[in-house]
Amino acid sequence: MGGGAEMILSDDIAERLINAAKEAGERAYAPYSEYHVGAALLFDDGAIITGSNVENASYGLALCAETVAVSRAFGEGRRGGLQAVAVTGPLDKGDGSSITPCGRCRQVLNEIAQLGGTDPLVLCVGTNEVRKITLSDLLPHAFGPAHLD
Ligand code: THU
């Protein structure tokens with residue numbers, strides 16, 4: 001369904017990225033859902049930028065881990081170069097299947113991906129499996145900055 005060429009990610013780098021996401025998940029502020037999510041973004045210069053979900057007493061204002069990570073990347077001046085993403089959920093919840101980014105996060109990830117012309121591989125981590133799905137497969141026919149040129 002996607003279109004971009006799938007990037008090659010070595011097992012070593014994938015493991016580092018997943019571990020960075022897990023560590024970020026440990027720093028989540030999620031006292032309401034108790035669902036701790038971590039996200040790690042890998043850039044083409046090797047940098048990894050992480051985020052974790054940040055909830056709010058006004059429940060609907062929760063920020064997802066992926067969105068926090070992308071915000072941090074933009075805040076550091078990044079406008080592309082996104083190669084891969086790892087997303088981890090809590091290990092003690094659900095059926096062990098991999099977490100996948102929510103719809104809003106797919107769109108937020110698409111912004112930086114499309115700006116830099118990449119189709120990042122998203123590593124969706126569960127206790128039983130790691131699913132590798134390109135962002136274009138998660139969000140086909142995405143609307144993005146290219147539409148506004
Ligand atoms: N959450 C994320 O951080 N990322 C997602 O892609 C899905 C959901 C967070 C939001 C909320 O704090 C908690 O998980 C339960 O929905």
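Just follow the structure's listing: the first ligand is 1, and inside any ligand the first atom is 1. We use all heavy atoms of the structure for the numbers below, so side chains are in, but hydrogens, waters and symmetry mates are not.
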Side chains of Pro120 and Leu109: does their closest heavy-atom pair fall under 4.5 Å? no

Would you say that Thr67 contacts Arg104 through its side chain, given a criterion of any heavy-atom pair below 4.5 Å between the two side chains? yes

Nearest protein heavy atom to [atom], by residue and atom, and its distance?
{"atom": "atom 9 (C) of ligand 1", "value": "Asn53 ND2, 3.5 Å"}
{"atom": "atom 3 (O) of ligand 1", "value": "Ala65 N, 2.9 Å"}
{"atom": "atom 16 (O) of ligand 1", "value": "Tyr35 CD2, 4.7 Å"}
{"atom": "atom 11 (C) of ligand 1", "value": "Glu55 OE2, 3.3 Å"}

Plane angle bin for His147 and Phe143 - parallel if under 30°, tilted between 30 and 60°, otherwise perpendicular: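 Because their plane-to-plane angle is under 30°, the rings of Phe143 and His147 count as parallel.
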
Considering both backbone and side-chain atoms of Ile99, is one of its nitrogen or oxygen atoms within less than 3.5 Å of a nitrogen or oxygen in ligand 1?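 It does not: no N or O of Ile99 is found under 3.5 Å from an N or O of ligand 1.
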
Contact check, Ala30 vs ligand 1, heavy-atom distance below 4.0 Å: no

Can you tell me how far apart [atom1] ([X]) and [atom2] ([Y]) are? Round to the nearest 0.5 Å.
{"X": "Arg78", "Y": "Leu115", "atom1": "CZ", "atom2": "CG", "result": "13.5 Å"}
{"X": "Thr118", "Y": "Asn110", "atom1": "OG1", "atom2": "CG", "result": "9.5 Å"}
{"X": "Leu82", "Y": "Ile49", "atom1": "CG", "atom2": "CD1", "result": "9.5 Å"}
{"X": "Asn19", "Y": "Thr88", "atom1": "CG", "atom2": "OG1", "result": "9.5 Å"}

Output the list of atoms in ligand 1 that are nearer than 4.0 Å to some heavy atom of [X], sorted by atom number.
{"X": "Cys64", "value": "1 (N), 2 (C), 3 (O), 4 (N), 5 (C), 8 (C), 10 (C)"}
{"X": "Pro101", "value": "6 (O)"}
{"X": "Glu66", "value": "2 (C), 3 (O), 4 (N), 5 (C), 6 (O)"}

Please determine, by modelled atom types, if Glu23 and Thr50 share a side-chain donor-acceptor pair under 3.5 angstrom.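 The criterion, which ignores hydrogens and geometry beyond distance, is not satisfied for Thr50 and Glu23.
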
Any protein heavy atom lying closer than 4.0 Å to atom 1 (N) of ligand 1? yes

Of the side chain and backbone of Ser33, name the one, both, or neither that has a heavy atom under 4.0 Å from an atom of ligand 1. side chain

